[in-house]
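Read the structure below first, then the notes.
Naming convention: chains lettered A, B, ... in sequence-line order (proteins, then strands); numbering from 1 in each chain. Atom set for the values below is all heavy atoms of this structure, side chains included, hydrogens, waters and symmetry mates excluded.
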Amino acid sequence: MKEQVQNASGDAGTPLLAIQGLRTWFETDRGIVRAVDGIDLDVRRGECLGVVGESGSGKSATFASVMGLIRKPGRIVEGSIRFDGTELTSLDDRARRAMRGRDLAMTMQDALTALNPALRVGTQIIEVLRAHDQAASRSAATARAIELMQLVGIPAAESRIADYPHQFSGGMRQRIMIAIALACRPRLLIADEPTTALDVTIQAQVLDLIAGLRAKLGMSVVLITHNLGVVAAYCDRVAVLYAGQVVELGPTAEVIAAPRHPYTEGLLRSLPKLEDLDHPIEPIVGQVPDLISAPEGCRFAARCPHRRDSCAAAVAMRHVSPGRQVRCVLAEGAAP
Amino acid sequence: MPIARFVERILHLIPVLAGVSVIVFLMISLTPGDPVEIMLGDQRATPEQVASMRRDMGLDRPAVERYFVFVTNAIRGDFGQSFFHRRPVSAVISERLPATIELTVAAMLIAIGLAIPLGVLAAVRRDTILDRIATVGSLFGVSLPGFWFGILLILFFAVQLQILPVAGRLGYAMEVPAVTGFALVDSLIAGRMDSFWEVLRHLALPAFTLGLPSAAILMRVTRSAMIEVLRADYITFAEAKGLSRARIIGLHALKNALIPAVSVAALETGTLLGGNMVVETVFGWPGLGRLVVESIFARNYPLVQAAVLLYAVTYVALNFAADLLYTVLNPRVRL
Ligand SMILES: Nc1ncnc2c1ncn2[C@@H]1O[C@H](COP(=O)(O)OP(=O)(O)OP(=O)(O)O)[C@@H](O)[C@H]1O
Ligand SMILES: [Mg+2]
């Protein structure tokens, strides 16, 4: 009883989302792809968490697991995902479906293919409201859909609500997808690469839009991106993923100013520097390990300039300073 | 579809139909021997009768002239006399046409009614026993000859179980006045539910026989389209929205999967026309298909010509309809 009251009031002490020891594997013809292999990650109430990492590091798979969208041949092998105190992995389909789109919402990596080409955008906004009983009637839902389209900055929303997705530009489709995700005022928005398909000005508009709505609605945001610049500008904390594991986690400013994991360091060095454009960018040499047969020890060792013998043994996350964790033998331990 | 493209498509039909009309016309001219004598066969006729028949058919004039007369008459719906029936060909055909349309529509309804739900189910439950059964079943449906299947159905339902009639359309006792020629509609007009039910019972076996091969093809198309669509990003996004499974499959996925399925259904309807000849003969169904078969054996050329032309026009029209439907269902093509 007491717990329930605490939950209802939004216990500020506990994180909104707590992922522990999550493993999501895909059984393919070639073997088992360990896309997510032991991820621990919290999302705090009201924060914006950046999630970065190379292509294939498991960013989308992690949060598809959170949403309950992993389909065959994939499977959550083990781990716990708690949302506001509720264990999601043990919920039945019905209860999960009721939470999807209402409490947790996600925008897809590719906005151009995420909207159904055969249905009007209005229908696609209205149906999520209706599915979660967020509108008393059809006309109330329509009015709310127009409001949502205006909220994400779509001009002439009243008339465009009857249009099909192909009649909108890529940026507009991205906005419509965000409008759908926000329709039921979720407490957690997972934005998977919300900007990849967009040019720079529209990118900033979409990100500002999400940031503005976060402040207005008080929701938590997970921003999945390749772009550390975006993380620096919009995220309170950042998690760096490598080969299905978190390798560094901490407040954005600290991580960017003084990365503690050689991979984070490499990522930062591979960015073009605005103040010194002549400075050559240095891509990280080597390739992401094959997730079917990832090494037992540090997964980055093969590409790491600081590699030593102790890297061959498995490395746990270490607390290096308050709120900062690193998965590297070089990182000096500190009391958490 | 923009009007200009609509008109363009219609214009494309003209050379096709012209080609068909030439072939149909040549049917008579290229047949070795004197068409009149062939048509008369063993029947005795005086030389005067032969000459007058030749004149009626215009055979005393040059081929090019005959072709143009043929086409102008055909456009007016005049295909000459059916010597055998001693009535105009058009009258004989329009009398038989409703029975064939009734059969074809029933077969198509059966095909669609079976294929779409089964195709969807097989795709959703992919690689389960149910999917295997449906897939193997459809393979049989595609590869077995329709008449063979029809005979099996007759043996089982009509001879063995005796729950359905062997052949025909309606017993004499059940005859209702022909208003539209469609026995189902006429029964309703006459208020005879017993006749209506009788027609349905007579329709069941031939319609199944005719429709099952199409159902098999349509099921395969629906299944593979559904499998393709269910992999799409917008289905994952629909799931992320927390929509019900029924809505995701029945609306989001099906609406996209139906685009190819409906086009195939329209094309299949054209294919059914050919199937009609066999099925109507096997089941003694008094439609156009059986009439054509009879006419071929009776060397009733004017009637065969008219029927072939009618088939061709219908086939082309159904193709056109398939195109139109594709456009209507697919908002990306519409303007
Ligand atoms: N359905 C699937 N079947 C097999 N393997 C999959 C499937 N989905 C993902 N994977 C594998 O899981 C790994 C992680 O994929 P994921 O999409 O999470 O990467 P990501 O970090 O989001 O990359 P990106 O930046 O390119 O989006 C990849 O190696 C990918 O090949
Ligand atoms: Mg991804």
Side-chain angles (χ1 to χ4, degrees), chain A residues 60 63-64 66-73 93-121 123-134 162-167 173 176-177 180-184 186 189-190 192, chain B residues 1-2 116 119-120 122-132 221-222 225-263 265 324-335:
Chain A
S60 297
F63 288 95
V66 170
M67 290 296 292
L69 295 175
I70 297 293
R71 296 278 165 269
K72 270 201 248 171
D93 281 353
R94 185 174 248 274
R96 276 222 96 171
R97 196 188 315 130
M99 292 181 77
R100 274 205 289 271
R102 188 189 64 194
D103 301 307
L104 321 86
M106 182 164 181
T107 63
M108 309 279 294
Q109 190 158 356
D110 186 354
L112 299 186
T113 56
L115 296 178
N116 193 322
L119 299 175
R120 298 174 196 279
V121 298
T123 310
Q124 299 188 55
I125 303 176
I126 290 167
E127 66 183 352
V128 69
L129 296 166
R130 305 279 287 175
H132 298 294
D133 295 321
Q134 302 276 313
D163 284 351
Y164 286 91
H166 73 273
Q167 292 166 291
R173 276 188 250 180
I176 292 167
M177 185 166 68
I180 291 172
L182 294 175
C184 300
L189 173 71
I190 299 163
D192 195 349
Chain B
M1 190 169 359
I116 306 271
V120 169
V124 171
R125 304 222 188 291
R126 202 187 164 186
D127 292 333
T128 60
I129 301 273
L130 195 139
D131 179 27
R132 299 263 154 74
V221 172
T222 309
M226 246 345 239
I227 286 176
E228 188 67 34
V229 165
L230 284 173
R231 270 201 281 264
D233 261 6
Y234 55 78
I235 296 297
T236 312
F237 190 52
E239 277 169 353
K241 289 155 81 174
L243 305 181
S244 69
R245 194 96 185 112
R247 186 171 176 97
I248 292 173
I249 290 167
L251 180 72
H252 280 256
L254 191 57
K255 193 148 188 225
N256 286 281
L258 276 184
I259 296 171
V262 164
S263 314
L324 271 187
L325 274 174
Y326 185 87
T327 319
V328 169
L329 283 175
N330 192 346
R332 277 165 294 186
V333 190
R334 210 186 302 161
L335 260 177

*Name the option with the most non-hydrogen atom pairs under 4.5 Å to chain B; the candidates are A/E127, A/R97, A/M106.*
A/E127
*CE/A/M108 to CG/B/D233 distance, rounded to the nearest 0.5 angstrom?*
4.0 Å
*What residues, two or more places apart in sequence or in another chain, satisfy salt bridge (charged side-chain N to carboxylate O under 4.0 Å, His left out) together with B/R245?*
B/E239
*Give me the contact list for residues 246-255 of chain B versus chain A, heavy atoms only, anything under 4.5 Å, ordered by residue number.*
B/R247, B/L251, B/H252, B/K255
*Rounded to the nearest 0.5 Å, what's the gap from OH on B/Y326 to CD1 on B/I259? Could you check?*
6.5 Å
*Under 4.5 Å heavy-atom distance to chain B, tell me which part of A/R71 shows up: side chain, backbone, both or neither.*
side chain
*Against chain B, work out which of A/A98, A/G101, A/P117 has the most heavy-atom pairs shorter than 4.5 Å and name it.*
A/P117
*Largest heavy-atom contact set with chain B, pairs under 4.5 Å, which of A/L69, A/T113, A/N116*: A/N116
*Under 4.5 Å from any heavy atom of chain A - which part of B/A232*: neither
_Rounded distance [0.5 Å steps], OG1 in A/T107 versus CD1 in A/I180_ = 10.5 Å
*Would you indicate whether the side-chain heavy atoms of A/P186 and A/R102 approach each other to under 4.5 Å?*
no
*Residues in salt bridge (charged side-chain N to carboxylate O under 4.0 Å, His left out) with A/D93, at least two apart?*
none
*Listed by chain and number, what are the salt bridge (charged side-chain N to carboxylate O under 4.0 Å, His left out) partners of B/R126, not counting sequence neighbours?*
none
*For residues A/S60 and A/Q109, determine if any side-chain heavy atom of one lies less than 4.5 Å from a side-chain heavy atom of the other.*
yes
*Check whether A/M99 gets within reach of chain B through its side chain, its backbone, both or neither, counting any heavy atom under 4.5 Å.*
neither
*Given a strict heavy-atom distance threshold of 4.5 Å, which part of A/Q167 is in contact with chain B: side chain, backbone, both, or neither?*
neither
_Donor-acceptor contact below 3.5 Å, side chain A/R120 vs main chain A/A162_ = yes
*asked:* Which atoms of A/L115 are under 4.5 Å from chain B, going by heavy atoms: the side chain, the backbone, both sets, or neither?
replied: both
*Which answer fits A/A118, side chain, backbone, both or neither, if we ask what part of it has an atom under 4.5 Å from a heavy atom of chain B?*
both
*asked:* Determine whether a donor-acceptor pair (N or O, by modelled atom type, separation under 3.5 Å) exists between the side chain of A/H132 and the backbone of A/A183.
replied: no
